[in-house]
Asks: 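A single structure is presented below for examination.
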Amino acid sequence: MATLSREVVSEVLSKLGLSELNSGVSTGPDGWSPTEGREVIESISPIDGKPIAKVALANQEDYERVIKEAQKGFEYWREVPAPKRGQIIREIGNRLREYKDVLGKLVTIEVGKIYQEGTGEVQEMIDISDFALGLSRQLYGLTIQSEREHHRLYEQWLPLGPIGVITSFNFPVAVYSWNAFIAAVCGDTMVWKPSSSAPLSAIAVQKIIEEVVKEFGLPNGIFNLIIGKGSTVGEWMINDKRLPLISFTGSIPMGKRVAEKVAKRLGKTILELGGNNAAIVMEDANFVIAKKAILFGAVGTAGQRCTTTRRLLLHEKVYDKFLSELVELYKQVKVGNPLEEGVLCGPLIDKNAVQVYKNAIEEIKKQGGKILVGGNVIEEENGYYVEPTIVEATEDMEIVKRETFAPILYVIKIKNIDEAIRIHNSVPQGLSSAIFTNNLKYEEKFLSAAGSDCGIANVNTSTSGAEIGGAFGGEKETGGGRESGSDAWKGYMRRQTVTINWGDDLPLAQGIKFGLDFGEDKKEEK
Ligand code: NAD
């Protein structure tokens with residue numbers, strides 16, 4: 001039975017400045033809403049199914065206050081030079097270095113990912129703060145050659161406004177930083193609505209950021225937190241014209257709703273939705289690398305990553321051998337308390353997720369899938385533990401096309417690279433993909449225009465575990481958004497094309513003559 005020591009919980013909460021009852025709304029160090037008169041929820045640890053602490057949710061009055069503060073904060077923040085904004089993010093990164101272990105532990109306690117992955121998430125925040133700092137001295141626009149004499153043509157990037165950031169439970173702190181740290185150096189202020197399944201991690205992050213806000217004497221309204229239900233706060237945000245951009249990370253059905261609502265008011269979205277990621281293992285693959293990568297990809301975070309490996313497309317020549325070795329590895333995976341060393345698979349997030357897993361196992365059986373290992377809820381445990389599962393499947397099974405947010409890996413036999421790519425691309429989602437091969441032709445085909453249709457394509461490494469330096473996101477029903485590194489920052493700014501005439505005449509573009517005599521020529525003749 002997994003137990004979670006209450007002393008450990010209290011110590012973690014107190015080190016992060018959290019109490020038994022916490023306000024879920026803040027606009028800055030002196031901008032926390034009172035808890036009185038508000039609906040209160042409990043954050044439950046999936047480790048033992050028991051409450052960690054309580055959070056008072058936002059009401060409509062809180063929401064209005066937050067949006068107004070975020071607008072006011074924007075008027076200030078947009079005029080702070082970008083490199084100075086970068087320094088603030090650098091300080092936040094430094095603070096996160098100090099809090100890395102304890103914040104990582106809270107993430108583990110609140111969402112159940114193993115401690116290695118909990119602290120890994122905080123490291124990701126630190127990495128993105130470094131990236132954002134460098135970016136703050138860039139944010140480059142183009143200079144373009146003008147067709148007109150004595151004209152300068154260029155592009156500049158300007159802050160967008162207060163933006164809405166709605167995040168999922170499974171990366172309760174890192175996904176926020178991908179958005180917030182980049183958006184902050186771009187000059188935006190933000191309103192963050194985290195998942196109600198991970199409110200304490202969000203409050204802890206807000207408090208760490210506010211230490212820096214206070215130290216630098218910044219006004220309220222730059223980093224704003226608003227915890228509430230999707231059906232209230234989430235809906236208010238997606239329908240609110242005062243938030244020109246909604247960056248949404250979550251499930252496909254919810255993402256579709258967000259896309260519709262925001263498009264209706266002609267707002268912008270960055271959508272980071274579900275994945276159904278496949279790894280192709282060809283007959284020449286390095287087995288050790290492939291097995292390690294697939295185990296991490298499929299079992300890591302208990303199958304609750306958007307980039308989790310959900311499908312294994314295995315070449316017929318190595319099918320039996322590779323699969324039997326993978327099954328043996330699965331049998332050695334320790335499922336249990338994610339704070340314990342040696343445990344590789346923690347619990348699912350909640351009871352509902354366990355039910356979704358159970359239903360999927362039933363459907364798999366009905367649709368003719370063969371369970372090779374796993375397939376059971378670990379009933380003797382409190383908390384929400386399930387067995388990592390491998391299923392022999394066929395491409396026509398309906399369930400294989402869906403993202404079931406649990407550690408279930410479907411294995412499909414493939415004959416050659418063309419068939420592998422066809423099956424690979426036959427699902428509605430398009431987030432992450434991988435091929436394991438040392439054959440140049442296979443690898444290049446996989447990366448070609450006729451290859452993987454995903455936003456992320458990896459060779460000889462896992463579908464899971466992206467670095468922050470690249471643009472992160474996916475195609476098709478994954479939503480098309482890009483976050484984090486590369487030029488994803490452009491999503492958080494508005495582009496302005498500027499033409500400056502420094503001459504004494506007014507030549508028009510395309511050589512158009514718009515003939516009215518203003519008399520200048522005649523005057524000069526006199
Ligand atoms: P979810 O869709 O249930 O919730 C996501 C967020 O949406 C939460 O904050 C929730 O409160 C909010 N929400 C709910 N109803 C809303 C509404 N009506 N309006 C606005 N917001 C509303 O997703 P989840 O279970 O928290 O997360 C798991 C999903 O997220 C998976 O599908 C996973 O693949 C996806 N995900 C994608 C990425 C990516 O980068 N592509 C990253 C992490 C997670």
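One-based numbering, in listed order, for ligands and for the atoms of each. Keep in mind the model is a prediction, meaning the values are calculated, not measured.
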Asks: How close does the nearest protein non-hydrogen atom get to atom 14 (C) of ligand 1, and which residue and atom is it?
Replies: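 Here the nearest protein heavy atom works out to Gly230 CA, 3.6 Å.
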Asks: Under a 3.5 Å threshold, yes or no: a donor from one side chain and an acceptor from the other, between Asn376 and Glu387?
Replies: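 Yes - a donor-acceptor pair under 3.5 Å links their side chains.
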Asks: Is there a heavy atom of Gly474 sitting under 4.0 angstrom from any atom of ligand 1?
Replies: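 It does not, in that no heavy atom of Gly474 comes within the 4.0 Å cut-off of ligand 1.
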Asks: Going by distance only, is there an N or O of Lys229 that falls short of 3.5 Å from an N or O of ligand 1?
Replies: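 No: no nitrogen or oxygen of Lys229 is under 3.5 Å from one in ligand 1.
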Asks: Considering distance alone, does some N or O of Ile166 sit under 3.5 Å from an N or O of ligand 1?
Replies: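 Looking only at distances, the answer is no, because the N/O contact criterion of under 3.5 Å is not met.
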Asks: For Thr309 and Thr463, does a side-chain donor sit closer than 3.5 Å to a side-chain acceptor?
Replies: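 Result is yes, a qualifying pair exists.
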Asks: As an exercise, identify every atom of ligand 1 less than 4.0 angstrom from a heavy atom of Gly234.
Replies: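 Answer for ligand 1: 19 (N), 20 (C), 21 (N).
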Asks: Evaluate Gly250 for polar contact with ligand 1, using N/O atom pairs at a separation under 3.5 Å.
Replies: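 Yes; at least one N/O pair falls below 3.5 Å.
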Asks: Got an N/O contact under 3.5 Å between Ser196 and ligand 1?
Replies: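 Between Ser196 and ligand 1, no N or O pair is found under 3.5 Å apart.
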Asks: Which of the numbered atoms in ligand 1 are below 4.0 angstrom from a heavy atom of Glu235?
Replies: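 Those of ligand 1 that fall under 4.0 Å from Glu235 are 17 (C), 18 (N), 19 (N).
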Asks: Return yes if a side-chain donor-acceptor contact under 3.5 Å exists between Glu210 and Ser26, otherwise no.
Replies: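 A pair is found: one side chain offers a donor N or O, the other an acceptor, under 3.5 Å apart.
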Asks: Do any N/O atoms on Phe169 end up under 3.5 angstrom from N/O atoms on ligand 1?
Replies: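 Yes, there is a polar N/O contact under 3.5 Å.
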Asks: Below 30° counts as parallel, above 60° as perpendicular, anything between as tilted: where do the rings of Trp192 and Tyr176 land?
Replies: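 Parallel: the ring planes of Trp192 and Tyr176 meet at under 30°.
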Asks: Is atom 4 (O) of ligand 1 near the protein, in the sense that some protein heavy atom lies at less than 4.0 Å from it?
Replies: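 Within 4.0 Å: no protein heavy atom nearby.
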Asks: Can you tell whether the side chains of Arg265 and Glu260 come within less than 4.0 Å, N to carboxylate O?
Replies: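 Glu260 and Arg265: not salt-bridged.
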Asks: Out of Glu403, Lys261, Glu272, whose heavy atom sits nearest atom 37 (C) of ligand 1?
Replies: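 Residue with the shortest heavy-atom distance to the ligand atom: Glu272.
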